[in-house]
Amino acid sequence: MPTRIAITHPGRDASARWVAALSAHLPHAEVFASRDGDGPLADYAVGWQPPDGFFARQTRLRAFFSAAAGVDHLLDHPGLPAALPLIRLEDAGMGAQMAHYCLLEVLRLQRRSDEFETQQRTATWRPLRVEPPSAWPIGIVGLGVLGTQVATTIAAAGFPVRGYSQRPRQVEGIACFDASHGLRDFLSGCRVAILLLPLTPASADLLDAGRLSWLPQGAWLINVARGGLLVEQALLDAIDRGHLAGATLDVFRDEPLRATHPFWAHPKIRITPHVSAVTQVEESAAQVADKLRLLEQGSTVSGTVDRRRGY
Ligand code: GLV
């Protein structure tokens, strides 16, 4: 019997692309779209936010591959079998996108782009002083595969970069902090803080009013990870009382962000609709196919989620 792979993805187009790409990499497998888990019982599934009944129908899965770097959408799933191995995407083309997104935001701040755009609206010719990158210490909270790529890209542009991770890490050219230094020490030295850590029970609401106040006066926050890391009202309060200069937000607690949400109209908040790093189906399918072959040979694969840790 061929290996069967079910694709559960909310986007019809993305789903068809996954089927085509995985079939090309695994010509002997039977790959089919199954949003709800209907159809033949599969050996593996690949997807994003499987509907509630998915795992009740797909009862023979040997592993589930997240079609995303994050797996919070799976770990919160009410039907997820306790022993089912979960595997997340590692980079697969997302690191470079994330790095470009964050570098662009950092450069916009350092080069005062918003202020020049505002001046243009009133035909104002006023050269503003631009401080060099060396005056802009950038902090990356989360030094995983994506965080490390963002950190090294921004450092290569001449910014002093520090990174925070739970466990000690060493990344060349990056000042590495971990839990033993404390988040307060880390945040207090960031002119821009970039959130790039997984959402887990331990990291939920990490940036609350107290921890936002650890950032220096006038700092800017960028969230490209998950909305649940940040207490929204605390962010609004910190900006409105002038402690933070503003924020760039790509992710939100509830997506799509509702039209009446105060973030939309806030003059110091820049919003994008969860696009900082979009899954590249072809690259991702190649990675999933490689890992699936390893699993079939009985090997373990990198990116396997540690359920206790939550990523
Ligand atoms: C997207 O948000 C991802 O986790 O890959």
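In listed order, ligands and their atoms are each counted from 1. None of these values were measured; they are calculated from a predicted model.
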In sequence, state the C-alpha distance, the side-chain angles, and the governing distance for Y44 and E296, and then conclude on side chain to side chain donor-acceptor pair (under 3.5 Å).
CA-CA 11 Å; Y44 298 95; E296 291 280 273; 2.5 Å; yes

Would you sort out whether H73 and Q49 count as a side chain to side chain donor-acceptor pair (under 3.5 Å), showing the intermediate values?
CA-CA 6 Å; H73 63 113; Q49 296 183 330; 5.5 Å; no

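Polar contact check, T279 against ligand 1: no nitrogen or oxygen pair lies under 3.5 Å apart. Of the polar atoms of R226, at least one N or O is found under 3.5 Å from an N or O of ligand 1, judged by distance alone.
Between F64 and F54, the ring planes lie perpendicular to each other; the angle is over 60°, past the 30° to 60° tilted range.
Although no hydrogens or angles enter the test, the distance criterion places no donor-acceptor pair under 3.5 Å between the side chain of E131 and the main chain of R129.
Ligand 1 lies less than 4.0 angstrom from a heavy atom belonging to M94.
Near H274, meaning under 4.0 Å from one of its heavy atoms, ligand 1 places the atoms 1 (C), 2 (O). Short contacts between ligand 1 and A69, defined as distances under 4.0 Å to a heavy atom of the residue, involve ligand atoms 3 (C), 4 (O), 5 (O). Atom numbering of ligand 1 starts at 1 in the shown order; those under 4.0 Å from a heavy atom of G70 are 3 (C), 4 (O), 5 (O).
Of the N and O atoms on the side chains of T272 and Y101, at least one donor lies less than 3.5 Å from an acceptor on the other residue.
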